[in-house]
Amino acid sequence: MYSKIIAALTLCLPLASFVPAGAQTQPDSPASNPDEVRVLSEFFDDDTVLAIDSTKVLPDSILYAPDGRLWSEIPDYEAVGFALDTIVELPPIPDYYFMPAVFDHFEFADTVRISDPMFSGRPELRWLEELNVIDRDMAQLRRHVFYIHPQTVRYNTAQLLKAPKRYETTVNPLDHKIEIHETIAIPADHATLTAEEVKKRHWIRTFNASLQFSQAYVSPNWYQGGNNNLNMLGQLYYNVKLNQEFHPNLLFDFTAQYKLGINSAPDDSLRNYSISDDLLQLNTTFGIKAAKRWYYSFTGQFKTQLLNSYTSNTRNLRSAFLSPAELTAGVGMTYNYANKNNTFTFDASLAPISYNLKICTNDLLDETAYGIRPGGTTVSNYGSTTELKLFWKLAYNISFRSRLFSFSDYSQIQADWENTLMFEINRFLTTQIYAHMRYDSRGVRAEGTKWKKLQIKEILSIGFAYKFSSI
């Protein structure tokens, strides 16, 4: 209803003036159409009297909309002109609209007519339409000032003076010269700090070192019996690989690791400890890209142990350095996958042409147990190898690493599957579960058991750790 009042007042502003009720104001002559006055009176309060200019009559635009309907019959949301639907506060006009007028560019007049509706009546578009109304009105105001009253526009961007230059002087005492340099002002939005140049990191390195242990104490009178024991597991892991962000057509990965597990041996009359795990292992993969995520590759592996290991309660040597040792190399194809955040990586290498060398250099060991002829130190085999490697960071402090390696000379097969689940308690404390399964088709049945071809080792430990990574 208020919007209709505004529309009526705006349209009849040149023709009518308002006076308080009770004033002695009378028109010079009555209106030519009393019905029009009656209809127009619906827009005003009872205490307001509308005085009509005696020289003019009310135009039809005051009483009727362009489509012929009376203003009183038009719903609020269809109100036209700048008299809108209901009294709703528009967003505040920005402060820069009230600054001195500065002519900066020419623009064509808006083709929207003042009688065109500016509100659709859809509530979800109200905020956008209100902003458009402000921009439209202010654009019309600027054009009116620029083209109708140009004498009020004091500034023009094309004629404004440039900011004065600033200079600084430096005195050179060696040659007695004074040099003058212009000081270039830095814009307010310009960065005041310059970042150091980031060098390309072609190699990505990772190093892990951990020392984990478990301990148990049993008093001599414990009702179930038992022995005291202390177990320790140390591990060193180093990995370096080529950064594929800068070398997308090459693949290089090298890993060196050493594990040493020592257990107390209360049942061994000759030694106070026994070695449960002793492994030095080197792995490498080199590839040249063949297709998407596929590489022509070379894979290699070498593993042995460093310390001597004996059978319990005897001086019989069970294994030693390079006794046994194993070298495997092959050529084939490698599939490499890594997700965007490098939290999951998977490599699969298939080498149908592979070479395997087994070594036993200690004369105190039976070399025939490793397939070497009596009196010899090495034996060579040809076949195929398969290597699957997976790394999965399940959470920020939980990671899983798995590796499956197998070699077959088409008459026998040997496979190792290593799995490590690590929980990082904090920066220096970790807990890990290590499981190693080994399958050897030439395995010998252990005395008094059913275990023959399949071998299993599992270790649960907690201890100290240090980790370094270049990424």
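Just so you know, residue 1 is the first one in the sequence shown, and it goes up from there. Quick note: numbers below take in every heavy atom, side chains included, and nothing from hydrogens, waters or symmetry partners. Because the structure is a prediction, the values reported are computed rather than measured.
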| side-chain contact (heavy atoms from CB on, under 4.5 Å) between R136 and V133, intermediate numbers included | CA-CA 5 Å; R136 169 179 161 177; V133 168; 5.8 Å; no
| request: I would like to know whether Y258 and L279 meet side-chain contact (heavy atoms from CB on, under 4.5 Å); could you show each step before the answer? | output: CA-CA 6 Å; Y258 179 67; L279 175 64; 5.8 Å; no
| Between K453 and I413, does a side-chain contact (heavy atoms from CB on, under 4.5 Å) hold up when you go through it step by step? | CA-CA 10 Å; K453 298 181 180 180; I413 184 173; over 6 Å; no
| side-chain contact (heavy atoms from CB on, under 4.5 Å) between Y335 and L350, intermediate numbers included | CA-CA 9 Å; Y335 175 83; L350 306 175; over 6 Å; no
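Ring geometry for Y238 versus F207: interplanar angle of 30 to 60°, hence tilted. Between F146 and F103, the ring-plane angle classifies as perpendicular under the 30° and 60° cut-offs. The aromatic rings of W392 and F344 sit perpendicular to each other, their planes meeting at more than 60°, with 30° as the lower class boundary.
We find the CG-CG distance between L460 and L233 to be 11.0 Å, quoted to the nearest 0.5 Å. For the atom pair CG of L280 and CG of L260, the computed distance is 11.5 Å after rounding to the nearest 0.5 Å. Atom CG of residue N341 and atom CG of residue N339 lie 6.0 Å apart, to the nearest 0.5 angstrom. For the atom pair CG (N231) and OG (S264), the distance works out to 6.0 Å, reported to the nearest 0.5 Å. In this structure, CZ on F302 lies 7.0 Å from CG on L282, to the nearest 0.5 angstrom. Rounding to the nearest 0.5 Å places CG of L236 at 11.5 Å from NZ of K259.
Counting heavy-atom neighbours within 6.0 Å of F213 CZ, excluding the residue itself, gives a total of 12 or less. Around the CD1 atom of I456, the shell of radius 6.0 Å holds more than 12 heavy atoms that belong to other residues, nucleotides or ligands. For CG of N426, the number of neighbouring non-hydrogen atoms (other residues, nucleotides, ligands) closer than 6.0 Å is greater than 12. Counted within 6.0 Å of CG on D363, heavy atoms from surrounding residues, nucleotides or ligands total 12 or fewer; the atom is thus considered open. Counted within 6.0 Å of CD1 on I433, heavy atoms from surrounding residues, nucleotides or ligands total more than 12; the atom is thus considered enclosed. Heavy atoms of other residues, nucleotides or ligands lying less than 6.0 angstrom from CD of E168 number more than 12.
The closest donor-acceptor contact from the side chain of D278 to the backbone of L306 lies under 3.5 Å. Checked by atom type and distance alone, the side chain of T304 pairs as donor or acceptor with a backbone atom of L322 at under 3.5 Å. At least one donor-acceptor pair closer than 3.5 Å links the side chain of K457 to the backbone N or O of S276. No donor-acceptor pair under 3.5 Å is formed between the side chain of T368 and the backbone N or O of I372. N336 contributes no side-chain N or O that, together with a main-chain N or O of R293, makes up a donor-acceptor pair within less than 3.5 Å. Proximity of a side-chain donor or acceptor of D409 to a complementary backbone N or O of Q412 within less than 3.5 Å is detected. In terms of modelled atom types and a separation under 3.5 Å, the side chain of S354 and the main chain of T385 share a donor-acceptor contact. Here the side chain of S210 pairs no donor or acceptor atom with the backbone of A465 at under 3.5 angstrom. A distance-only check finds no donor-acceptor pair linking the side chain of N249 to the backbone of K289 [under 3.5 Å].
Between K241 and D347, no side-chain nitrogen of the basic residue sits less than 4.0 Å from a carboxylate oxygen of the acidic one, so the salt-bridge criterion is not met.
Of all heavy-atom pairs between M333 and S297, the closest is C-OG, 3.4 Å. Across all non-hydrogen atoms, the minimal contact from A415 to S406 is CB-CB, 3.7 Å. When all heavy atoms of G234 and L211 are compared, the closest pair comes out as CA-CD1, 4.2 Å. Across all non-hydrogen atoms, the minimal contact from G376 to E367 is O-CG, 3.8 Å. A320 and L317 make their closest contact through CB-CD2, 4.1 Å (heavy atoms, listed as atom of the first residue, atom of the second, distance). Closest approach of Y295 to P248, counting heavy atoms only: OH-O, 3.5 Å.
When each of T206, N239, N283 is checked for a side-chain hydrogen bond (donor to acceptor under 3.5 Å, both in side chains) with T255, only N239 meets the rule. Among R438, Q281, Q301, Q455, the one residue that satisfies the side-chain hydrogen bond (donor to acceptor under 3.5 Å, both in side chains) test with D416 is R438. Partner Y355 forms a ring-ring contact (aromatic ring centres under 6.0 Å, His included) with one of F298, Y382, F407 and no other, that one being Y382. W203 pairs with exactly one of F252, F254, F246 by the ring-ring contact (aromatic ring centres under 6.0 Å, His included) rule, that one being F252.
Contact check for T157 versus V102: side-chain heavy atoms found under the 4.5 Å cut-off. A 4.5 Å side-chain heavy-atom check between I425 and I462 finds at least one atom pair inside the cut-off. Residues F321 and T361 are not in side-chain contact: their nearest non-hydrogen atoms beyond the backbone lie 4.5 Å or more apart. Using a 4.5 Å cut-off on side-chain heavy atoms (C-beta onward), L364 and N316 make no contact. Here the side chains of L327 and I359 are not in contact, with every heavy-atom distance at 4.5 Å or above. Side-chain atoms of V379 and Y370, non-hydrogen and from C-beta on, never get closer than 4.5 Å to each other. Looking at heavy atoms from C-beta onward, Q414 lies out of side-chain contact with T328 at the 4.5 angstrom threshold. With contacts defined as side-chain heavy-atom distances shorter than 4.5 Å, the pair D277/Q235 does not qualify.
Screening residues 385-403 for salt bridge (charged side-chain N to carboxylate O under 4.0 Å, His left out) gives D253-K389, E387-R403, R403-E418 as the qualifying pairs, with residues at least two apart or on separate chains. Judged as a ring pair (Phe, Tyr, Trp, His ring centres under 6.0 Å), not a single pair has a partner in residues 415-449 (not counting sequence neighbours).
Using modelled atom types and a 3.5 Å distance limit, the side chains of R318 and T311 yield no donor-acceptor pair.
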